[in-house]
Amino acid sequence: MNKKFLIIANNLIKYSEDNNQLAFVHKTKVHAIIVFFIFGSKKITFEQLCRKLVNTASRSTVQSILNEGVDNGYFTKYLDKIDKRKKYYECQKLSNTLEKWLSENKTIFSN
């Protein structure tokens, strides 16, 4: 069982050294949490993320990660059609990468 954690640790190092989507996801713990919340929710607002991360990250950290994700093309930001004050985030561009990553980790733990 312990060797499985070594495999995951080595994978995390590999991901963080690359210049790809998984490097962004694993850049920091907060990056991963935000990506997973956005992907799991399909769409989520900045305010909703801040409420969920109230004891984990500051509002400015959440905002800077969201901006980084949008700037790099990993997140899409769009306005609510009814309430223009709400800005939703989604990460469909990361879906294949995240599903592949999840599948790889399932394989590691199931063997």
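Please read these numbers as outputs of a predicted model, since none were measured by experiment. As a basis for the values below, the full set of heavy atoms in this structure was taken, side chains included, without hydrogen atoms, waters or symmetry mates.
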**Q.** side-chain hydrogen bond (donor to acceptor under 3.5 Å, both in side chains) between Thr61 and Ser58, worked out
**A.** CA-CA 5 Å; Thr61 298; Ser58 68; 2.9 Å; yes
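Every salt bridge (Lys or Arg N to Asp or Glu O under 4.0 Å) that Glu47 has, sequence neighbours left out, goes to Arg59. Asn67 is linked by a side-chain hydrogen bond (donor to acceptor under 3.5 Å, both in side chains) to Gln63, counting only residues two or more places apart in sequence or in another chain.
A donor-acceptor pair is defined here as one N or O able to donate and one able to accept, closer than 3.5 Å; such a pair exists between the side chain of Ser110 and the backbone of Lys106. Judged by distance alone, the side chain of Gln48 and the main-chain N or O of Thr45 form a donor-acceptor pair under 3.5 Å. Ser95 places a side-chain N or O within 3.5 Å of a backbone atom of Gln92 that can act as its donor or acceptor partner. With hydrogens and angles disregarded, no donor-acceptor distance shorter than 3.5 Å links the side chain of Ser41 to the backbone of Ile44. Using a distance-only test at 3.5 Å, with no hydrogens or angles considered, no donor-acceptor pair links the side chain of Asn72 to the main chain of Tyr74.
None of Lys81, Lys87, Lys86, Arg85 except one satisfies the side chain to side chain donor-acceptor pair (under 3.5 Å) rule with Asp83; the exception is Arg85. With Tyr89 as reference, Val70 is the one residue of Val35, Ile34, Val70 to meet the side chain to side chain contact (heavy atoms under 4.5 Å, CB included) rule.
Other members of the hydrophobic cluster containing Tyr78, listed by chain and number, are Tyr88; membership follows side-chain contacts under 4.5 Å among ILVMFWY residues, whether direct or relayed.
Taking CG from Asn105 and CD1 from Ile8, the interatomic distance works out to 5.0 Å, rounded to the nearest 0.5 Å. Separating the CG atom in Leu98 from the CD atom in Gln21 is a distance of 8.0 Å, to the nearest 0.5 Å. Taken to the nearest 0.5 Å, the CZ atom of Phe75 stands 4.0 Å off from the CZ atom of Phe24.
Relative orientation of the Tyr15 and His26 rings is parallel, given thresholds of 30° and 60° on the angle between their planes.
No continuous path of ILVMFWY side-chain contacts below 4.5 Å connects Ile13 to Ile108, so the two sit in separate hydrophobic clusters.
Cation-pi geometry between Lys3 and Phe5 is not met: the NZ or CZ atom fails to fall both under 6.0 Å from the ring centre and inside 45° of the normal.
Checked against the 6.0 Å centroid criterion, the rings of Trp101 and Phe39 do not qualify as a close aromatic pair.
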